[in-house]
Amino acid sequence: MRKFRLFNRVEFFCAVAIAIPCTAHAQEEDSSSRVLDTVTVTAQKTEESSQDVPIALTVFSEDAINEQNIVAVEDLTRFTPGLFVGQSDQSRTRIVLRGVGSQKFDVGSDPSVGIFVDEVYLPRFSGQEFNLLDIGRIEVLKGPQGTLFGRNTPGGAISIVSKDPSADEVEGFIEGGLSDRSGNLVRGSVSGPITEKLRGSLSYGRQFEGGYVTNIATGTSDDQTSLAARGKLVFDPSDTLSIAATLQVTDLDAESINVSSAPTLPGDLTLPLFGFPPGVPTAADTDPFNQALSVDGFVDLNAVLGILRVEKELGGYTLTSLTSYRDGEASQSADFDRTPLDIGISPFDEQSETFSQEVRVS
């Protein structure tokens, strides 16, 4: 799906007019006076410059995420060397980093490249391909990260850091985009102070992707709709104490039409072998984007993630308590025999609850 942001034509030409003299001026500068921008990361569980971290990593700042239109985890593939984000099927995300990735997607299996949201680990394959909504920073850490991120990161880790609410004034945005096959994207966020010591933010995003494959037996196509919402509150009772609470909800509703599976037989052999009634379309009569299936498959994913983070400054140390709870459900059904007969329907159901508590001093 091709995603792009809507903008006014006048704004486009203004941007070009401003960029031209800036580029010319930059070429006239002495190269010895150029200074690299400092990028702050938390790859080692503490804030430091990315240039001081002895880890191979790719960092996306908030500006880079917006400029490069990164709206989902799979979009990181376009800008991160050595990273591949695909799907074993529509319900389970497959991530490979530097050639290391999981090949087993059974219930209870864990990925080889871990995904973390505000330092909280997402343990299941299902539900990892969510919208990146109002994100402050993304860090892709390459190579084994077991020392600081746990045993489920032999291939690396993707750390997603949500944006903190604004403390000075109310701010926000709303944006949308269109693509082929009736695809559309709408996202928005509002953030600001509630009281002198309390601030909050609320974000919402919805993305629709039109399908490429049609079940000619029912007329259904593999459309997909994903939703994401996040609320975040930050309470600063003193200069040395900060309490942050986050609630995140993600949902995916899609039609699943499998196009890989069983081989296709010639039309004159298909009817007597499988006993299709006259006039029923078969896979032998269609192309890969038009299938004749007995049932319309589906994918239904939803997850709720709650995070409570407490930080206390103790002289030259910081005490951090990180509490999280996640409840996720995944259901899927697919007709993988590519025929109008009920001989190969694959159901999948998964439910998981995760609680974690981390306390550290840095």
Side-chain angles (χ1 to χ4, degrees), residues 1-5 39 41 43 50 53 55-105 109-118 121-145 149 152-162 175 177-181 183-185 187 205 207-213 222 224-226 228 250 252 254 256 259-260 299 301 303:
M1 172 180 174
R2 297 192 296 272
K3 314 179 187 74
F4 56 88
R5 189 169 305 163
V39 179
V41 297
S50 60
V53 178
I55 300 174
L57 75 164
T58 301
V59 184
F60 300 88
S61 64
E62 179 184 0
D63 291 339
I65 294 172
N66 294 331
E67 292 173 1
Q68 296 168 352
N69 199 26
I70 298 175
V71 298
V73 175
E74 63 181 3
D75 294 332
L76 299 174
T77 302
R78 295 183 283 127
F79 308 101
T80 307
L83 175 66
F84 168 80
V85 180
Q87 290 177 303
S88 170
D89 52 43
Q90 285 182 292
S91 69
R92 285 163 284 191
T93 302
R94 179 170 183 255
I95 302 177
V96 179
L97 188 56
R98 284 183 167 180
V100 179
S102 299
Q103 301 293 332
K104 185 178 181 181
F105 301 92
S109 300
D110 288 324
S112 300
V113 179
I115 292 185
F116 298 79
V117 176
D118 291 340
Y121 174 63
L122 302 184
R124 301 267 70 86
F125 288 100
S126 57
Q128 290 187 335
E129 180 57 26
F130 53 85
N131 286 336
L132 298 177
L133 182 64
D134 207 18
I135 300 300
R137 186 177 67 257
I138 301 175
E139 303 171 14
V140 181
L141 314 180
K142 304 175 183 180
Q145 305 297 325
F149 288 87
N152 297 313
T153 55
I158 299 177
S159 178
I160 302 170
V161 182
S162 63
E175 63 183 11
L178 300 173
S179 71
D180 57 349
R181 299 183 180 271
N184 59 78
L185 170 69
R187 302 193 301 170
Q207 181 177 350
F208 172 80
E209 298 182 49
Y212 285 87
V213 183
D222 56 338
Q224 176 175 304
T225 302
S226 57
T250 56
L252 172 66
S256 176
V259 297
S260 55
V299 174
L301 307 176

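Note that CG of Leu83 is 7.0 Å distant from CD1 of Ile95, once rounded to the nearest 0.5 Å. Expressed to the nearest 0.5 Å, how far CG of Asp134 lies from CD of Glu62 amounts to 7.0 Å.
A donor-acceptor pair under 3.5 Å is absent between the side-chain atoms of Ser112 and the main chain of Pro154, judged by distance alone. Of the possible polar contacts, one joining the Asp222 side chain to the Tyr212 backbone as a donor-acceptor pair under 3.5 Å is found.
Residue Leu252 comes nearest to Ser226 through the heavy atom pair CD1-CB, 4.1 Å, listed as atom of the first residue, atom of the second, then distance. Of all heavy-atom pairs between Val113 and Val100, the closest is CG2-O, 3.8 Å. In this structure, Leu133 and Arg187 approach most closely via the heavy-atom pair CD1-CD, 4.0 Å.
Counting heavy atoms from C-beta on, the side chains of Leu185 and Glu175 never come closer than 4.5 Å. For the pair Val161 and Asp118, the minimum side-chain heavy-atom distance is below 4.5 Å. Side-chain contact between Gln68 and Asp75 is absent, with no heavy atoms from C-beta onward closer than 4.5 Å.
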Worksheet item: Run the side chain to side chain contact (heavy atoms under 4.5 Å, CB included) check on Asn184 and Leu178 step by step: do they pass?
Response: CA-CA 4 Å; Asn184 59 78; Leu178 300 173; 3.9 Å; yes
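The aromatic rings of Phe60 and Phe79 lie perpendicular to each other, with more than 60° between the two planes, well past the 30° mark.
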